[in-house]
> 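Dropping a structure here in structure tokens format, bear with me for questions.
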Amino acid sequence: MPRVRFAPSPTGFLHIGSARTFIFNWLYARHMGGTMILRIDDTDVGRNSEASLTSIYEGLRWLDLGWDEEYRQSERLALHQRMAEAIFANGLAYRDFTPAEAAQGEKSGAHGTWLFHTGMREMATAESDRRAAAGEPFALRFRVPRDRERQVRFTDCVYGEQAKSTADIEDFALLRSDGLPTYHLASCADDADLRISHIIRGQDHLTNTFKHVLIFEAAGVAAPQFAHLPLLVAPDGTKLSKRRHGPVVSVTTYRDAGFLPHAFINFLCLLGWSPKDDRERLTRQELIDAFSLEGINRSNAVVNFTEADPFDPKAAHFNAELIRTMPVEELAERLLPFVRAAGHQVEPGIMAQIAPLIQERIKLLRDVLTAADFFFVEELAPYDAAELIPKKGDAALALRVLERAGEVLATADFSHDGLEAALRQAAQDLGLKAGQMFEPIRVAVCGRKTAPPLFGTLAALGRQTSRKRIGQAIEKLKPI
RNA sequence: GGCGCUAUCGUCUAACGGUUAGGACAGAGCCCUCUCAAGGCUUAAAUACGGGUUCGAUUCCCGUUAGCGCUACCA
């Protein structure tokens with residue numbers, strides 16, 4: 001059974017590229033009947049933060065996919081140490097006493113490639129032991145084989161055969177001078193110990209993998225399979241990052257805007273992977289069934305956001321489609337928190353009446369605040385009285401319509417069908433087209449021309465509010 | 001600079017070496033209609049460039065160009 005892991009480091013919020021990596025790992029595990037492991041890679045004590053740990057858990061919890069086992073690297077330092085010692089004992093690592101700050105100058109070698117600090121790699125064992133015993137701080141470095149130039153090789157499940165000359169791999173650090181493991185060491189030690197079978201991670205690790213292959217080899221353990229994922233990039237082509245692109249790359253931004261977790265997952269899955277048929281909207285189970293490493297492609301995918309709209313239109317479209325097809329009761333329930341968070345009090349009963357009116361008119365849950373705003377306030381925001389005048393009509397006509405509407409609504413049956421019948425009849429009586437009749441009423445009760453369907457809106461608003469707003473509209477119109 | 005990876009409509013993508021290069025989103029138009037949506041129909045839009053290999057390249061190989069990634073005692 002495959003064992004896969006998602007290994008975020010708590011040094012920033014959970015970003016959408018990480019979320020996609022998590023999802024692909026999860027999908028692979030579920031498809032294969034394997035185990036999904038969450039491992040917090042927190043060996044960089046200086047950069048860890050409680051806030052980012054919270055952000056990661058929040059984001060993952062929202063995705064609602066779950067995992068089977070959980071570990072924290074900081075609790076496994078002894079294991080990492082042991083692997084470092086084993087490699088050192090095999091003669092494949094050496095102590096580097098170069099002070100961390102002093103390492104700059106040597107960064108570029110003869111061909112522009114830095115390989116190791118002179119004097120350290122070839123230091124005699126006796127001197128190395130003596131200086132270590134004397135308490136001089138050192139980093140432990142991997143002794144990349146240099147006697148004969150050879151190729152480090154592995155087969156990536158996505159990118160295929162990979163090879164790199166050892167002449168192009170520097171003597172990377174295994175342990176820092178404070179004794180803590182570096183990412184490379186800790187990651188490999190844990191992957192080996194947790195018996196990870198497939199490492200599915202971002203393509204930014206593709207070149208690091210050569211180092212990892214070297215580590216596994218030096219420690220005498222078999223390397224897992226590797227599958228690198230094409231990167232998610234911004235419209236400018238660069239890797240998504242908080243610094244450059246801001247909160248649009250954070251999972252919680254999507255959550256807070258009112259994305260449904262599954263719409264978000266569905267969208268992310270189609271970035272760098274395809275089921276190879278024309279399906280685009282897939283249920284969770286369909287994703288599990290269709291997912292395979294072979295379906296992953298090799299080129300970076302652009303997340304198409306702008307300053308004006310932080311969300312990729314396709315993501316928004318998937319969300320809108322999911323909203324449209326969900327039971328209205330569920331929609332009402334999901335909408336409520338957004339309305340309340342904006343400081344409005346709404347009865348669940350009213351929300352249930354509003355939900356079907358906006359169901360096919362919103363893309364994000366938070367759109368309820370702009371699509372249905374007039375339901376939530378006692379007084380309408382000020383609007384121009386001219387809005388009340390219908391096409392091919394004048395103020396006098398609008399006035400006549402509203403006065404008649406006021407009368408009709410006083411006695412009409414306040415159901416969708418009752419209102420429709422009464423208002424259509426009224427239009428006929430006035431010798432008007434339905435549209436001419438409805439437009440002034442719509443503006444009077446909603447405060448604008450673009451709004452949900454009129455009869456359902458009036459029914460949800462209720463007789464009292466509807467008549468009051470029509471009365472106010474008449475007052476606005478009189479001076480004209 | 002060195003090393004690695006990538007290259008199909010604006011974006012995400014599909015295409016045993018043989019297709020009028022398909023789909024989706026976004027765009028445009030029409031229909032439906034109480035506005036807006038939703039829905040239906042129609043439309044515009046791509047194989048980076050140059051060489052090979054082949055009867056035939058989007059597909060295989062080489063080069064060019066461009067982009068990205070790595071090049072830390074970060075992960």
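Below, chain A is the first sequence line, B the second, and so on; all start at residue 1. Only this structure's heavy atoms are used, side chains among them; waters, hydrogens and symmetry mates stay out.
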> Would you kindly give the CD1-to-P distance between A:Ile169 and B:rA72, to the nearest whole Å?
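Spelled out: CD1 on A:Ile169 to P on B:rA72 is 13 Å.
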> Taking the ring centre of each residue, are A:Phe311 and A:Phe305 less than 6.0 Å apart?
no
> In whole angstrom, give the distance that lies between atom CZ of A:Arg201 and atom P of B:rG69.
17 Å
> Please report the closest heavy-atom contact between A:Tyr94 and A:Met120, naming both atoms and the distance.
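Heavy atoms only, the tightest pair is CD1-O, 3.6 Å.
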> Tell me if the aromatic rings of A:Phe267 and A:Phe259 count as close, with their centers under 6.0 Å from one another.
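A:Phe267 vs A:Phe259: aromatic centres not under 6.0 Å.
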> Choosing from B:rC73, B:rU6, B:rC34, which nucleotide comes nearest the side chain of A:Ser177?
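The nucleotide sitting nearest to the side chain is B:rC73.
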> Assign A:Thr182 to base, sugar-phosphate, or nothing according to its heavy-atom contacts below 4.0 angstrom with the strands shown.
sugar-phosphate
> Contact class for A:Ser9 (heavy atom, under 4.0 Å): base, sugar-phosphate, or nothing?
sugar-phosphate
> Compare every heavy atom of A:Asn266 with every heavy atom of A:Arg281, then report the nearest pair and how far apart it is.
CA-OD1, 3.4 Å
> Reckon A:Lys239 has a side-chain N or O less than 4.0 Å from the OP1 or OP2 of B:rG67?
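A:Lys239 to B:rG67 OP1/OP2: no side-chain N or O under 4.0 Å.
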> Output all residues satisfying salt bridge (Lys or Arg N to Asp or Glu O under 4.0 Å) with A:Glu329, sequence neighbours left out; order by chain, then residue number.
none
> Kindly say whether the aromatic ring centers of A:His205 and A:His228 come within a distance under 6.0 Å.
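That pair fails the under 6.0 Å test.
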> Compare side-chain N and O positions of A:Thr43 against OP1 and OP2 of B:rA75 and report whether any pair is under 4.0 Å apart.
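For A:Thr43, the contact criterion (side-chain N or O under 4.0 Å from OP1 or OP2 of B:rA75) is met.
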> Set out, line by line, the N/O atom pairs under 3.5 Å between protein and nucleotides 11-13 of chain B.
{"from": "B:rU11", "atom 1": "O4'", "to": "A:Asn304", "atom 2": "ND2", "distance (Å)": "3.3"}
{"from": "B:rC12", "atom 1": "OP1", "to": "A:Val302", "atom 2": "N", "distance (Å)": "2.9"}
{"from": "B:rC12", "atom 1": "O2'", "to": "A:Leu270", "atom 2": "O", "distance (Å)": "2.6"}
{"from": "B:rC12", "atom 1": "O2", "to": "A:Lys314", "atom 2": "NZ", "distance (Å)": "3.2"}
{"from": "B:rU13", "atom 1": "OP1", "to": "A:Gly272", "atom 2": "N", "distance (Å)": "2.4"}

> Any non-hydrogen side-chain atom of A:Ile215 less than 4.5 Å from a side-chain atom of A:Met83?
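Yes - at least one pair of side-chain heavy atoms lies under 4.5 Å apart.
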> Could you tell me whether A:His228 contacts a base, only the sugar-phosphate backbone, or nothing, with contacts defined as non-hydrogen atoms closer than 4.0 Å?
nothing
> For B:rC73, does OP1 or OP2 lie under 4.0 Å from any side-chain N or O of A:Arg141?
yes
> Between A:Arg424 and B:rC34, is there a contact of a side-chain N or O with OP1 or OP2 at under 4.0 Å?
yes
> I'd like to know if A:Thr450 reaches the base of B:rC36 with its side chain such that a donor and an acceptor end up less than 3.5 angstrom apart.
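In this structure, the two groups form no donor-acceptor pair.
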> Could you tell me whether A:Ser187 contacts a base, only the sugar-phosphate backbone, or nothing, with contacts defined as non-hydrogen atoms closer than 4.0 Å?
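Contact class for A:Ser187: none.
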> Distance check: side-chain N/O of A:Arg298 vs OP1/OP2 of B:rU8, anything under 4.0 Å?
no
> Which atom pairs link the protein and nucleotides 38-42 of chain B when you take only N or O atoms and keep those under 3.5 Å?
{"from": "B:rA38", "atom 1": "O3'", "to": "A:Arg324", "atom 2": "NH1", "distance (Å)": "3.4"}
{"from": "B:rG39", "atom 1": "OP1", "to": "A:Arg324", "atom 2": "NH1", "distance (Å)": "3.2"}

> Quick one: label A:Gln162 by what it contacts on the DNA or RNA (base, sugar-phosphate, nothing), any heavy atom closer than 4.0 Å.
sugar-phosphate
> If the cut-off is 4.0 Å, is A:Gln203 near the phosphate of B:rC68, judged by side-chain N/O to OP1 or OP2?
no
> Grab the two heavy atoms, one from A:Leu268 and one from A:Ile16, that are nearest each other, plus how far apart they are.
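Shortest heavy-atom contact: CD2-O, 3.9 Å.
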> Is any side-chain heavy atom of A:Arg153 closer than 4.5 Å to a side-chain heavy atom of A:Phe210?
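When only atoms from C-beta onward are counted, A:Phe210 and A:Arg153 do not touch, as no gap falls below 4.5 Å.
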> Searching all strands shown, indicate the nucleotide that pairs with B:rC70 (Watson-Crick or G-U wobble; both distances under 3.5 Å).
B:rG2
